[in-house]
Amino acid sequence: MKIYTKTGDAGQTSICGGTRISKDAPRIEAYGTVDELNSILGTLSTASDTPNESRALLLRIQNQLFNIGSFLAGIPEPGIKDEDITAVEADIDRMDALLPPLRNFILPGGCVLAAQAHVARAVCRRAERRIISVTPAINTPAIILTYMNRLSDWLYVFARLINYNAGISEHFWQKPI
């Protein structure tokens with residue numbers, strides 16, 4: 001089987017079930033952004049300075065994002081369960097317990113790995129917005145929106161933990177006078 005089909009050469013693509021829609025349709029934008037996020041997480045998981053225990057967490061999240069993308073592409077089941085959200089929340093609580101309390105907004109950055117986690121967080125928020133925009137048309141289950149919202153929190157705490165473990169101080173937002 002060839003990887004190229006030539007059926008998308010005129011700007012149309014097929015979603016699950018065979019319906020053809022424009023490649024710039026909001027639904028395609030939504031699952032394309034989820035795919036972009038998944039690719040960034042793949043980059044995070046393969047970085048040489050990513051802790052081994054984090055690699056397993058990132059792989060779990062990548063699989064869950066693939067489930068969400070599949071739903072957005074027309075698979076009828078969301079592929080996300082309450083236990084998935086509970087697991088993300090437990091990860092957040094575990095990581096956050098290792099960090100100093102946060103009293104100010106921080107600027108994205110630090111080491112390269114943490115900066116990439118902040119990029120992933122921003123893309124996650126964009127994916128969440130794209131999913132919200134198609135929710136009325138495809139009846140997105142609330143659990144997907146909850147998962148995406150929690151995942152952006154996970155990525156924020158993950159970025160902070162990476163910097164903390166690397167001994168890199170966070171830079172706080174300087175409020176205008």
Side-chain angles (χ1 to χ4, degrees), residues 1-46 50 54-96 102 105 108 115-161:
M1 178 175 163
K2 291 186 178 188
I3 192 69
Y4 57 91
T5 62
K6 302 181 183 183
T7 59
D9 292 352
Q12 297 275 311
T13 192
S14 291
I15 59 172
C16 297
T19 303
R20 298 206 49 86
I21 62 175
S22 176
K23 288 184 176 183
D24 69 350
R27 185 175 197 162
I28 304 303
E29 181 65 29
Y31 75 72
T33 306
V34 171
D35 184 45
E36 179 184 354
L37 172 60
N38 208 336
S39 297
I40 295 169
L41 295 186
T43 301
L44 287 173
S45 71
T46 60
T50 299
S54 297
R55 292 176 202 277
L57 298 176
L58 289 163
L59 183 60
R60 182 192 77 210
I61 291 167
Q62 283 189 279
N63 276 288
Q64 291 163 347
L65 286 173
F66 207 91
N67 292 342
I68 290 170
S70 295
F71 171 81
L72 294 169
I75 298 292
E77 295 299 317
I80 298 294
K81 298 176 177 69
D82 289 333
E83 305 88 69
D84 299 324
I85 294 170
T86 301
V88 170
E89 291 172 345
D91 291 345
I92 292 169
D93 293 343
R94 181 186 49 75
M95 291 186 292
D96 198 46
L102 193 59
F105 289 109
Q116 289 173 328
H118 280 294
V119 170
R121 176 192 48 78
V123 172
C124 186
R125 287 289 188 203
R126 179 164 35 94
E128 181 183 14
R129 292 189 302 272
R130 298 296 185 261
I131 294 168
I132 290 167
S133 74
V134 298
T135 291
I138 66 171
N139 197 24
T140 306
I143 195 165
I144 288 178
L145 296 174
T146 300
Y147 183 85
M148 296 301 291
N149 187 42
R150 217 60 90 247
L151 179 56
S152 64
D153 295 336
W154 187 97
L155 289 162
Y156 180 78
V157 176
F158 182 63
R160 289 193 68 217
L161 184 62

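Not measured: the values here are computed from a predicted model. Keep in mind that the numbers below use all heavy atoms, side chains included, and drop hydrogens, waters and symmetry copies.
- In this structure, the separation between CG on Leu72 and CD on Glu29 is 11.5 Å, given to the nearest 0.5 Å.
- Taken from CD1 in Ile61 to CG in Leu37, the straight-line distance is 9.0 Å, to the nearest 0.5 Å.
- Applying the side chain to side chain contact (heavy atoms under 4.5 Å, CB included) test between Leu58 and each of Leu44, Asn38, Thr46 identifies Leu44 as the sole match.
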Could you give me the CA-CA distance, side-chain angles and deciding distance for Tyr156 and Leu102, then say whether side chain to side chain contact (heavy atoms under 4.5 Å, CB included) is met? CA-CA 12 Å; Tyr156 180 78; Leu102 193 59; 2.9 Å; yes
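- For the residue pair Asp84 and Gly79, the shortest heavy atom distance occurs at OD2-O, 4.0 Å.
- Residues Arg121 and Pro108 are in side-chain contact: their nearest non-hydrogen atoms beyond the backbone lie under 4.5 Å apart.
- In plain terms, the two heavy atoms of Ile143 and Lys81 that are nearest each other are CD1-C, 3.4 Å.
- No donor-acceptor pair under 3.5 Å is formed between the side chain of Arg130 and the backbone N or O of Tyr31.
- Residue Thr146 holds its OG1 atom at 9.0 Å from CG of Asp82, rounded to the nearest 0.5 Å.
- The CG atom of Leu65 sits 10.5 Å away from the CD1 atom of Ile144 when rounded to the nearest 0.5 Å.
- Across all non-hydrogen atoms, the minimal contact from Ser45 to Gln62 is OG-OE1, 4.0 Å.
- By the ring-ring contact (aromatic ring centres under 6.0 Å, His included) test, Phe158 is found to be paired with Trp154, residues two or more places apart in sequence or in another chain being considered.
- With sequence neighbours excluded, the residues forming a side-chain contact (heavy atoms from CB on, under 4.5 Å) with Ala127 are Thr33, Val34, Met148, listed by chain and number.
- A distance of 5.0 Å separates CD of Glu128 from CD1 of Ile132, quoted to the nearest 0.5 Å.
- Looking at every heavy atom in both residues, Ser152 comes nearest to Arg125 through OG-CZ, 2.8 Å.
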Test side chain to side chain contact (heavy atoms under 4.5 Å, CB included) on Leu151 and Leu155 and set out the steps. CA-CA 6 Å; Leu151 179 56; Leu155 289 162; 4.2 Å; yes
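- Between the CG atom of Asp91 and the CG atom of Asp153 there is a distance of 12.5 Å, given to the nearest 0.5 Å.
- Scanning for side-chain contact (heavy atoms from CB on, under 4.5 Å) contacts around Arg55 gives Thr50, Asn52, with sequence neighbours left out.
- The two residues Ala30 and Val134 make their nearest non-hydrogen contact at CB-CG2, 4.2 Å.
- In this structure, the side chain of Asn63 does not engage the main chain of Arg60 through any donor-acceptor pair within 3.5 Å.
- Closest non-hydrogen pair, Thr140 versus Phe71, comes out as CA-CE2, 3.9 Å.
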